[in-house]
Amino acid sequence: MKRREFVSSAILAAATLPTLRFVPALARSGPIADISAVTADGRPVTLSSAEVREFAESLNGQLLLRGDAGYDEARLLLNPSFDKHPALIVQPADAGDIQKAVNFARELNLLLAVKCGGHSHSGQSTCERGMQIDLKSFRGATVDATAKRVSVKGGSLLGLVDRESMAQGLVTPLGTVSHTGVGGLTLGGGFGRIARRYGMAIDNLNSMDVVTADGQLRHASSRENPDLFWGLRGGSGNFGVVTNFEFNLHPMQRQVIAGKVTFPIEKARDVLSMYADYARAAPDDLYFDPMLVLPPGGAPGVAQLDVCYSGAAKDADRALAPLRKVGTPMSDTIKAMDYVEVQRSGDWADARMLGTYIKGGFISAMPADLIAALIDGFKGDPRRTTAVFFQHCGGACGRVPEDATAFANRYAMANMMIMSGWRHGDDPTDHIEAARRHWSTVEKFTRGFYVNDMPREATAKDINANYRGNYKKLAALKTKYDPSNLFRLNANVQPLRA
């Protein structure tokens, strides 16, 4: 997610985290104490030492308990605001391990979270005293260049897919930061730097294998379990744990025209006005995001354009001409770059050193009143990073019918977000409230939100409305595939009551 790049200035003041070494948890032969856990509905439950050891010994992968080496690394998300302690962390080695974990959680009605890359903005890929399935050991990507497809294990990070597919001169649109988990990104929709050209991640899926709440491993495609295939494409993690994704690939040259154009913050209105005029009309192979940043410590703010043009190099100047008309920049790094390197360009800003809070929503246009509200409410504070940023939508993403997949917000020109970031350990109250105040002045210009950036306080009513005309079908699917709502830590659609 683009927000990773906004934390850089605050990270400079943060302490470096220790590197945690992974050691197999149950290499120990000593006794395991009974474990205090919680059910999905929050009731306390005690897991006996015998059933925990039996479960652990059934796995080909690892079971981590509190105090084990590797436990803290597994439980943490990229945002340290979420400091939760699962009772059990399963690191599966194969699909069979995932089935065993799902069955164990269902039979004991345990609260269940699934972690892929740990980018969950709402903190739902970990949990307090429940079970976390951590897919860090379940990664891999295999390219079939002849069929133009890539098979991706469910715990993979998008950088692996970029690297393996681009080595064959092929690509599929996946996100903007290479350590993003393919699973969470795709199940929520999946925007990226080439999505305007080739569609969202869900638009490039050929099939998926998924462990549903009954522990069954199901294949989902347009021909097999097509209802499940529809729901998995944008329905968040509501229907199970995906063990394998098969994406269609597209031929693309390695070199793209990419970089950042940076202006002083006083040019913010000009930058946003240009975006308002050009974002929707831009060619499909141009992706560009404006961002306004006020760093901590009182340093001068900047207005920046993050650019990736993947079309023919001879047409780049024409595509970029409107951006050049904003004025003379402080810096301009746009040049020919390797696409895989562009995808890695924001990785170094590790948000585990920073707490963040984001409010976001889709916009279909950027009227003058919205620009005024964004500028007027953009107030910095020396204790935090303050940012406004966008994710360019439209193009091929917007030419798919709203009901073709569970993702319904096809009308969007951009995903607009407001962020506060603070040093880990500081009281976040003022910083969160500042973002909420600013958001309250612009929310009326939005319609719906990206479930991968779902706000922490989203209610069931908010989530259901966000699925728009697809909600009723999703609720029926949830009732069919997960009637007990085992998979609830997501943009949750609750099953229909009998």
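This one's a predicted model, so the numbers in the text were calculated from it and none came from an experiment.
Here the side chain of Thr385 pairs no donor or acceptor atom with the backbone of Pro295 at under 3.5 angstrom. Judged by distance alone, the side chain of Arg196 and the main-chain N or O of Asp285 form no donor-acceptor pair under 3.5 Å. Arg384 places no side-chain N or O within 3.5 Å of a backbone atom of Gly421 that could act as its donor or acceptor partner. Without hydrogens or angle criteria, Gln253 side chain to Ser310 main chain gives a donor-acceptor distance under 3.5 Å. Looking only at distances, no side-chain donor or acceptor of Arg193 sits under 3.5 Å from a matching main-chain atom of Gly175. Under the 3.5 Å distance criterion, the side-chain polar atoms of Asn490 are left unmatched by any main-chain donor or acceptor of Ser236. Remark: side-chain polar atoms of Asp134 are not paired, donor with acceptor, to backbone N or O of Gln91 under 3.5 angstrom. Looking at Ser165, its side chain does come within 3.5 Å of a backbone N or O of Val161 through a donor-acceptor pair. Between the Ser207 side chain and the Ser221 main chain, no donor and acceptor come within less than 3.5 Å of each other. For Asn244 (side chain) and Ser151 (main-chain N/O), no donor-acceptor pair under 3.5 Å exists by modelled atom type.
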Open item on the list: Run Leu477 and Trp230 through side-chain contact (heavy atoms from CB on, under 4.5 Å) and show every step you take.
Closed with: CA-CA 10 Å; Leu477 284 174; Trp230 179 91; 3.6 Å; yes
- [ ] Start with the C-alpha gap between Arg197 and Leu286, add the side-chain angles, then the distance that decides, and say whether side-chain contact (heavy atoms from CB on, under 4.5 Å) holds.
- [x] CA-CA 8 Å; Arg197 181 175 178 179; Leu286 175 62; over 6 Å; no
TODO: Assess whether side-chain contact (heavy atoms from CB on, under 4.5 Å) is satisfied between Leu294 and Phe378, documenting all intermediate values.
DONE: CA-CA 9 Å; Leu294 293 172; Phe378 191 54; 3.4 Å; yes
- [ ] Check step by step if salt bridge (charged side-chain N to carboxylate O under 4.0 Å, His left out) holds for Arg218 and Glu224.
- [x] CA-CA 9 Å; Arg218 289 182 162 88; Glu224 191 172 348; over 6 Å; no
TODO: Dump the intermediate steps for side-chain contact (heavy atoms from CB on, under 4.5 Å) on Lys359 and His438, then the final yes or no.
DONE: CA-CA 9 Å; Lys359 294 285 284 187; His438 194 187; over 6 Å; no
TODO: Dump the intermediate steps for salt bridge (charged side-chain N to carboxylate O under 4.0 Å, His left out) on Asp227 and Lys473, then the final yes or no.
DONE: CA-CA 9 Å; Asp227 59 344; Lys473 185 174 179 180; over 6 Å; no
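Note on Arg149 versus Asp144: no salt bridge recorded, every NZ/NE/NH1/NH2 to OD/OE distance being 4.0 Å or above. A salt bridge between Asp284 and Arg399 is present, with a side-chain N of the basic residue lying under 4.0 Å from a carboxylate O of the acidic one. No salt bridge links Arg324 with Asp317; every basic N to acidic carboxylate O contact stays at or beyond 4.0 Å. Of the charged side-chain nitrogens involved, at least one lies within less than 4.0 Å of a carboxylate oxygen, so that Arg410 and Asp203 count as a salt-bridged pair.
Under 3.5 Å, the side chains of Asn238 and Asp482 contain no donor-acceptor pair of N or O atoms. Donor-acceptor pairing under 3.5 Å is recorded for the side chains of Asn409 and Tyr411. Side chains of Asp403 and Asn470: a donor-acceptor N/O pair is absent below 3.5 angstrom, by distance only. In this model, a donor atom of one side chain and an acceptor atom of the other lie less than 3.5 Å apart for Asp162 and Gln343. Side-chain polar atoms of Asn60 and Asp94 form a donor-acceptor pair below 3.5 angstrom. If you check the side chains of Thr356 and Asn79, you find a donor sitting under 3.5 Å from an acceptor. There is a side-chain donor-acceptor pair under 3.5 Å between Thr262 and Gln304.
Looking at heavy atoms from C-beta onward, Phe487 lies out of side-chain contact with Thr212 at the 4.5 angstrom threshold. Side-chain contact between Phe82 and Ser122 is absent, with no heavy atoms from C-beta onward closer than 4.5 Å. Between Ile371 and Arg269, the closest side-chain pair of non-hydrogen atoms falls below 4.5 Å. Residues Val302 and Met291 have side chains not in contact (no heavy-atom distance under 4.5 Å, counting atoms from C-beta outward). Under the 4.5 Å side-chain criterion, counting only non-hydrogen atoms from C-beta, Val293 is not in contact with Phe389. Side-chain contact check for His219 versus Glu246: every heavy-atom pair is 4.5 Å or farther apart. In this structure the side chain of Thr446 reaches within 4.5 angstrom of the side chain of Met416, judged on heavy atoms. Counting heavy atoms from C-beta outward, Leu292 and Ile375 have side chains that approach closer than 4.5 Å.
For the side chain to side chain contact (heavy atoms under 4.5 Å, CB included) with Thr186, the lone residue among Leu158, Leu205, Thr180 that qualifies is Leu205. Here the rule is ring-ring contact (aromatic ring centres under 6.0 Å, His included) with His392, and of Phe362, Phe288, Phe191, Tyr278 only Phe288 fits it. For the side chain to side chain contact (heavy atoms under 4.5 Å, CB included) with Ile98, the lone residue among Val242, Val210, Val241 that qualifies is Val241.
For the pair Arg468 and Tyr471, the cation-pi criterion (under 6.0 Å, within 45° of the ring axis) is not fulfilled.
Nearest heavy atoms, Ser125 versus Ala113: C-CB, 3.8 Å. Among all heavy-atom pairs drawn from Pro329 and Val261, the shortest one is CB-CG1, 3.6 Å. Closest approach of Ala408 and Asn466 over heavy atoms only: CB-O, 4.4 Å. The heavy-atom pair separating Thr386 from Gly380 by the smallest distance is OG1-CA, 3.9 Å. The shortest non-hydrogen separation linking Gly361 to Asn415 is O-OD1, 3.5 Å. Nearest approach of Gly154 to Cys116, heavy atoms of both residues: O-SG, 3.4 Å.
Note: Tyr481 and Phe239 have perpendicular aromatic rings, judged against thresholds of 30 and 60 degrees for the angle between ring planes.
Rounding to the nearest 0.5 Å places NZ of Lys153 at 8.0 Å from OG1 of Thr142. To the nearest 0.5 Å, the span separating CD on Gln255 from CG on Asp338 amounts to 7.5 Å. With rounding to the nearest 0.5 Å, the separation of OG1 in Thr243 from CG in Leu135 is 9.5 Å. Once rounded to the nearest 0.5 Å, the distance linking CE of Met274 with CG of Leu272 reads 8.5 Å. Ser81 contributes atom OG, which lies 9.0 Å from atom NE2 of His121 (distance to the nearest 0.5 angstrom). The line from CG of Leu76 to OG1 of Thr126 is 8.0 Å long, rounded to the nearest 0.5 Å.
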